[in-house]
Amino acid sequence: MIGLLIITVNLVGALGAPVLAPFPEAEIVGDAWAEPSPAFWMGLDNLGRDIFSRLLFGARMSIGLSLMITALSFTIGIITGFAAAIAKGWVDTLLSRLVDLMLAMPTLIFAFVVLSALGTDLAVMVVTLAILDGVKVFRVARALAMNISALEYVEVARLRGEGLWWIITREVLPNAMLPLIAEFGLRFTFAFLFVAALSFLGLGVQPPAADWGSMVRDYRDVIALDVPAPLFPAAAIALMTIGVNFVVDWLAQINTRGLGDAK
Amino acid sequence: MLQVDRLRIETPGDKAHKAAVLVNDVSFTLCRGEVLGLIGESGAGKSTIGLAVMGYTRPGCAITGGQLLFDGRDIRTMSSEERRALRGRNVAYVAQSAAASFNPSRTLMQQVCEIPQALGLTSRAEDRARAIALFRELDLPDPEHFGDRYPHQVSGGQLQRAMAAMAMAARPDIIVFDEPTTALDVTTQVEVLASFRKLIREHGTAAIYITHDLAVVAQIADDIMVLRHGNMVEHGLCDDILQRPQQDYTRRLVADRAQRDAAATVGDGETLLEVSNVTASYSALSRVVDDVSLSLKRGDTLAVVGESGSGKSTMARVIVGLLARESGELRFEGKTLSPQLVDRSREERRRIQMIYQSPDVALNPNQTLLEIIGRPVQFYFNRSRAQVRERVLELLRMMDLPESFIDRRPSELSGGQKQRVGIARALAAEPDLIICDEITSALDQLVGEELLKLLKQLQDRLGLAYLFITHDIGTVRRIANKVVVMRAGKLVAGGATETVFSPPMHPYTELLLSSVPQMRSDWLDEVLARGKPESHAA
Amino acid sequence: MIRLVALRLLFGVLTLWAASAMIFGGTELLPGDLATAVLQNSATPENLAEMRSKLGLDRPPLVRYGEWLGRAAHGDLGVSLSNDRDVVEEISPRLWNTFLLALFAALIAVPLSICMGVLAAIYQGGIFDRAVNVITLLTISVPEYLIGYILVKYLSVQYDLFPSLANVSADTGFGDRLWLTFLPMVTLVLVVVAHMMRMTRASVLSIMASPYIEMAILKGVSKPRIVVLHALPNALAPIISVVALNLAYLITGVVVVEAVFVYPGLGQLMVDAVSKHDLPVVQGCGLIFAGAFILLNMIADVLAIMSNPRLRRPR
């Protein structure tokens with residue numbers, strides 16, 4: 001429940017940024033590194049912009065990008081995963097071996113290689129991360145579809161002569177929904193942290209646009225001067241992740257207890 | 001020696017689960033060398049009592065009342081250290097699944113000798129010698145080296161006996177046997193049962209023998225206690241319970257077995273299904289179904305009998321087309337059925353329906369009974385929504401299920417009710433042949449009996465044919481007019497039930513038949529006196 | 001079992017080869033080509049063509065991949081595009097730095113998290129278990145840089161116990177090095193321990209719930225014996241894979257931590273190279289990171305195969 005609350009607050013902040021933010025994103029409203037005050041809740045940044053306002057606008061970038069990546073990776077992963085589970089045979093073998101290969105290599109390094117060649121472009125980043133993440137969704141989706149389609153009620157539907165579409169939408173998907181939602185949360189936190197990490201390393205969101213990761217990067221030097229500025233965006237990242245993790249944990253518990261007991 | 005007085009065990013309950021009483025005011029005494037049989041259906045609380053005797057309750061349960069006295073000391077008030085000393089040393093345990101109860105990464109000898117060595121009363125060599133002697137007593141192969149193996153290297157029946165050796169290793173006063181033969185095939189069950197009985201008789205060990213099978217416990221117990229829903233129903237001498245049951249429930253448990261030899265009606269319609277010389281396998285390595293032929297008329301009930309791994313369920317998959325046959329012919333009303341499911345017409349699929357062993361996985365947990373039973377009606381007959389609903393209600397009535405169940409989901413039903421839904425779904429397609437794959441083996445005895453009666457009634461009314469796949473010969477004689485016996489993918493015997501099951505019989509049929517425990521206490525002695533039928537080695 | 005191990009080793013080699021192909025293939029994704037990237041704005045058609053033949057870009061990609069792989073196998077990773085230095089020379093001191101940092105972190109994190117994980121599992125539901133659970137759930141949700149900056153803020157800025165920048169060089173002594181790298185190491189340890197401890201706890205718990213543990217309890221085996229003789233031997237394989245997985249995670253975590261503390265390691269080098277499009281350096285670093293990752297996973301799988309009694313002693 002705390003998790004849902006955190007997620008809601010973050011989403012509201014992101015969507016309502018233009019209304020909620022006390023100052024425009026890029027406006028210089030005071031001296032650089034002004035201390036937090038009633039007017040500027042988290043103080044001002046290196047150029048004298050309001051950190052709190054920038055945090056609200058940054059939320060759109062951080063959360064929006066990760067949502068895009070996760071949605072895309074789920075589309076890729078679920079389609080290929082279900083296809084592999086249902087087609088079986090060489091399609092399955094080929095896709096699974098390929099995925100094994102991709103999983104045997106570190107994601108971050110992969111992303112680096114692609115970004116170094118294609119440049120730090122947002123579209124490139126989204127597609128790259130979606131594919132890298134989709135590989136993991138593939139595994140989960142394939143295993144789920146395999147397990148469920150081995151159950152006898154799916155066999156009954158096949159015996160009856162139901163079409164593939166009916167079997168997937170009526171027999172498999174409704175029973176795979178809960179684990180898939182949990183997986184979506186898990187993959188979202190992964191994408192979210194990953195985007196933030198790339199931005200922090202200067203390889204993600206490029207100025208003048210800002211997300212939470214690049215804000216940490218912009219402000220990091222002043223930590224030695226005992227200005228807490230970089231801690232705010234970093235803490236925001238942590239809070240959002242914690243919120244999603246709570247919800248995922250809760251979903252996983254319902255999942256293991258089974259639908260029957262969850263009522 | 002052991003005195004249990006008004007024992008009460010409850011689950012305290014939390015947000016997700018209601019509090020429940022598992023065992024309610026159960027009392028008994030067990031004297032040295034005596035064997036008590038605890039009998040009951042699932043949920044009767046028999047295993048809970050067995051564990052409580054060891055001073056152990058599963059997580060989430062607690063002993064909330066009564067006394068458990070061992071040699072005058074109350075197990076409930078013992079310190080955890082005293083209780084630990086009691087286990088293994090005084091009271092030992094033999095579990096249902098030996099395969100799961102042995103640690104996979106240690107040898108059998110290490111596990112058998114663990115307690116004697118921890119107690120330190122005897123030397124390592126003595127413990128070893130004793131374990132080997134126990135292996136020999138239990139008729140285990142190569143007793144000298146048996147203990148050097150790992151659990152996965154020996155068979156299920158051997159592992160079950162090794163567990164008895166482990167229980168006996170520290171010379172306990174009482175052994176608790178918890179459904180120790182339930183997971184075994186019938187022919188193995190006889191051997192294991194005989195070994196257990198020999199062991200406890202020779203050592204004069206007292207035992208509590210827990211099972212759902214009255215005929216099994218009759219072979220080994222002096223006293224029997226019948227339990228139901230945590231309450232004691234009846235308690236008395238073994239022979240008294242079997243021959244002069246006082247309570248209605250016990251009478252039904254006993255009577256049910258006696259009825260089994262009632263004659264089945266004979267089908268006399270035209271030939272429905274004809275299987276000739278069918279061969280099938282999952283991989284190129286071994287044939288699971290090897291050159292099998294059988295035929296079935298309208299109104300027939302054909303039982304396919306065999307132990308696990310005999311290929312009987314695979315046979316069913318070949319008939320419905322889930323597994324393509326490699327060779328042979330399959331004809332339904334004279335027309336050849338294609339090997340592949342995808343090549344069969346909707347009409348061909350409709351006329352053969354299937355009911356499964358475990359109703360839990362055979363019904364989609366996310367659908368209501370209206371959707372589950374109504375879908376075939378809509379799919380095959382294309383009826384309107386109102387007509388579908390009407391038909392589902394009619395089927396529910398036929399199944400003796402209340403009409404209000406129509407909007408329920410499977411998780412809200414009991415096992416027997418779920419299985420009825422499975423039957424209703426099959427009937428919704430208005431089939432000619434229903435394949436029943438071990439449909440009663442996941443159910444309690446009396447529930448299973450009810451289900452068989454229902455199937456019989458439906459057959460009389462609708463003229464259905466059944467192909468009945470089972471490992472339970474008792475069921476076969478009760479409901480089938482024809483039978484085939486399968487072993488390792490091959491047909492061993494086949495024909496009318498009376499012919500197959502009366503002398504002269506095929507040795508394997510005889511072995512199967514003689515291995516089914518009977519409801520009298522001298523059955524095991526008779527079987528052992530007759531000696532093992534030769535076909536064991538075959 | 002030997003067959004399984006051999007198969008796994010073969011798969012490892014195959015993966016390494018595939019990784020090299022992908023790392024090399026990454027360069028081919030470049031819009032335009034390497035020559036345009038090198039010359040940037042000073043590109044004229046003449047010097048472009050000259051650069052292409054100098055870099056060997058006029059030959060087919062497969063041939064160049066073969067050559068690159070052959071040279072890489074001999075320890076020649078080419079020349080950096082940004083400063084014309086030999087890539088191997090550029091990498092070696094930094095590789096040593098990164099290796100030391102990861103090694104220190106692993107030496108502390110592995111035993112610590114296994115002990116904590118096992119303890120939490122044994123005293124499941126106890127105060128220790130619950131406290132550790134909440135703390136680690138928070139730690140795994142927190143990005144490395146937040147932990148890093150919090151440590152800097154308190155341990156370095158406020159109390160000045162440790163330096164906030166880990167600027168080691170080749171001639172830094174061992175003691176100084178430990179002192180300089182203390183904060184990055186603690187950051188890495190905190191992140192890795194949380195993951196590793198939770199996973200260890202989960203795998204020990206699943207084993208403690210198995211029927212043979214209940215059997216051991218019913219046999220009257222003492223608690224320490226149950227843990228040491230019955231649970232741990234079977235928990236070994238899952239714990240090994242947990243360790244390997246997290247060491248692999250440590251390899252990528254090191255990149256971010258190096259950035260936080262401006263530590264002259266391989267990760268920093270790679271990040272710089274990525275933003276400068278210095279492809280030979282990216283390829284070199286990528287190969288090393290991927291190789292280490294693949295090697296760790298392979299070792300874990302082989303150990304898991306060898307510790308499985310079913311595979312060690314077939315029927």
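Everything numeric in this text was worked out from a predicted model, so none of it was measured. All chains are named by letter (A, B, ...) in the order of the sequence lines, taking the proteins before the strands, and each is independently numbered beginning at 1.
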Check: Between atom CZ of B:Arg375 and atom CD of A:Glu162, what is the distance when rounded to the nearest 0.5 Å?
Finding: 4.0 Å
Next item on the list: With the side chain counted from C-beta on, respond yes when B:Tyr356 and A:Val156 share a heavy-atom pair under 4.5 Å apart, and no when they do not.
Entry: yes
Item checked: Closest-packed option against chain B by number of heavy-atom pairs under 4.5 Å, given A:Arg160, A:Glu171, A:Arg158 -> A:Arg160
Check: Which region of B:Leu341, side chain (C-beta onward) or backbone (N, CA, C, O), has a non-hydrogen atom less than 4.5 Å from a non-hydrogen atom of chain A, or is it both or neither?
Finding: side chain
Next item on the list: Taking the side chain as every heavy atom from C-beta outward, state whether B:Arg349 and A:Leu159 have any pair of such atoms under 4.5 Å apart.
Entry: no
Check: If every non-hydrogen atom of A:Pro174 is compared with every non-hydrogen atom of B:Asn366, which pair is closest and at what distance?
Finding: O-ND2, 3.1 Å
Checklist line | Interatomic distance, A:Tyr153 atom OH to B:Asp360 atom CG [nearest 0.5 angstrom] | finding: 11.5 Å
Notebook entry, point to check: Is the closest side-chain heavy-atom distance between A:Glu152 and B:Ser358 below 4.5 Å?
Noted result: yes
Next item on the list: Could you tell me whether B:Arg317 and A:Glu155 have a side-chain N and a carboxylate O separated by less than 4.0 Å?
Entry: yes
Item checked: Selection from B:Ile372, B:Val342, B:Leu322 maximising heavy-atom pairs under 4.5 Å formed with chain A -> B:Leu322
Margin query: Tell me whether the count of non-hydrogen atoms from other residues, nucleotides or ligands lying under 6.0 Å of CZ in B:Arg351 goes above 12.
Written below: yes
Checklist line | Which residues share a side-chain hydrogen bond (donor to acceptor under 3.5 Å, both in side chains) with A:Thr169, sequence neighbours left out | finding: none
Checklist line | Contact class of B:Ser345 relative to chain A, heavy atoms under 4.5 angstrom | finding: neither
Note to self: Does any backbone or side-chain atom of B:Arg344 lie under 4.5 Å from a heavy atom of chain A? Answer side chain, backbone, both or neither.
What the structure shows: neither
Checklist line | Lys/Arg-Asp/Glu bridge criterion (N-O < 4.0 Å) met for A:Arg170, B:Glu371 | finding: no
